[in-house]
Amino acid sequence: MGAEVFLRGLLRGFYSSREINSVPDVSMREFGIGDFGRKISARHLSFRSHAEMNSFLREKAPFYISYSCARYELPSARPMEAKRMLGADLIYEFDADELPTDCKKSHDSWKCRSESCGASGAGRALRCSKCGSAADVEEWVCPECLGEAKRQSLRLISFLQDDFGLSGGIAVNFSGSKGFHIHVRSGEVQGLSRSARLELLDYLTATGLDMDSLGFSYVAGRGKENRESGFFVCPKKSGASGWAKRILAEFERVFESGDASRLGLMGGIRESSAKKLLKEKHRILSHMDKGLLAFSTKEVPTNRFWKSCMACIVADLKVEPTLRKTNMDTLEVDRQTSVDINKIVRVPGTIHGSTGLLAEEVAVDGLKGFAPLDECLALPSGDVSLASAVAPRFYLGGKFFGPFGGEGAVLPAFAAFYLLARGSASLSGVSGSGVAVPGGV
Ligand SMILES: [Zn+2]
Ligand SMILES: [Zn+2]
């Protein structure tokens, strides 16, 4: 039996015992499904109810099922315009593979595409370090990089709640593979145009953020010999909101922490100068409360220092959701397609066919302690024999497996799915229907 038949058997087993009721206004959504190795093989499907969707899942056991962030009057109509859109949720995605984490060196690898070169190495590289050709990257995830995707998601949620005032209607789910999806379903976002969605995205990513319009402006000093002796006006803490409030709070936090090395790096000054600034922190903070960024230490250039601090703080605090790529080789991002209101995303509570993991919903206040590689196992744990497996050491369900360098292995079904689905393993040569789908989770 081939891997596809075996994996589909596991999926069918899963859907036969589940009832999935995770799609609000299910009858107004467009659905798409995917096959083994193909994330979308059909779109423009629709279901009248969750019951109809569940019987479809039981019958077809698709490798992937996604639904539209938009609600439509006629969700299965074609072309897109004929569906008549009624509104669309906001959806943000964070994928672990996009985030620069140290763990990539231990679980990712690249291989040069040029046959005459053949170089390869550890980590994530888009170009061959030997000949400069494009490289193929073998990506894996681990608790560390998924943890970073989670931190980014939490930061985004704080922007949604504090800066956009969207307190209700936020739902989070693990994508079932590399990251998290944040859905905003509240009424006030439904009618937002594409350009309004782009504006929100630019706000989150601090694209084109203008300090002057936030209220941070430099007032030059009068002394000719020391042109940088002026000060900055800043918004008063009590009335500040949005980015201005975040920047002021971070200034305060760094000064309060007394961390001279951090302050030095932030302001582009020597640590010894940062220490002098920290000595007058009470004055600096009390000025700040009154709408002034000023200090008396002469050796620090006022304008350059505060500007450098602001740029550094913004770079640290902004969120960068995973954006749609227009060119996979250069990973070029198209902001316009990233706010596509016709996009479809994984149905929460279903299995991601590349991993066998559950795309599980997580409560916003439970996200911090959520461990997807432990909590999203949904397939049986009975043993499956693999003829060969190639994988770095990977973590799943509370333990590590591998590394495997092409040898045979016996793994629990959920781990076998994880490797088989990505083509990193082959089943032991059992003919016909000899491989029994293992039971018991
Ligand atoms: Zn090369
Ligand atoms: Zn990792």
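Count residues from 1 along the sequence. Heavy-atom basis, side chains included; hydrogens, waters and symmetry copies ignored. Whatever order the structure lists ligands and atoms in, that order sets their numbers, starting from 1.
With the Zn ion (ligand 1) at the apex, Cys117 SG and Cys128 SG define an angle of roughly 110° (rounded to 10 degrees). At the Zn ion (ligand 1), the angle from SG in Cys131 to SG in Cys112 is 100° when rounded to 10°.
Listed by chain and number, Cys103 SG, His107 NE2, Cys142 SG, Cys145 SG are the protein N/O/S atoms closer than 2.8 Å to the Zn ion (ligand 2), with waters left out.
Within a 6.0 Å radius of CZ in Arg58, other residues, nucleotides and ligands contribute more than 12 heavy atoms. Surrounding NZ of Lys281 are more than 12 heavy atoms belonging to other residues, nucleotides or ligands, all under 6.0 Å away.
Screening residues 86-115 for ring-ring contact (aromatic ring centres under 6.0 Å, His included), with sequence neighbours left out, gives no hits.
Side-chain contact of Tyr418 with Ser424: a donor-acceptor pair under 3.5 Å is absent, judged by distance alone. A side-chain N or O of Asp89 and one of Gln190 form a donor-acceptor pair less than 3.5 Å apart. Remark: the Ser177 side chain and the Ser175 side chain contain no N/O donor-acceptor pair separated by less than 3.5 Å.
Between Glu256 and Arg253 there is no salt bridge, since no side-chain nitrogen of the basic residue lies less than 4.0 Å from a carboxylate oxygen of the acidic one.
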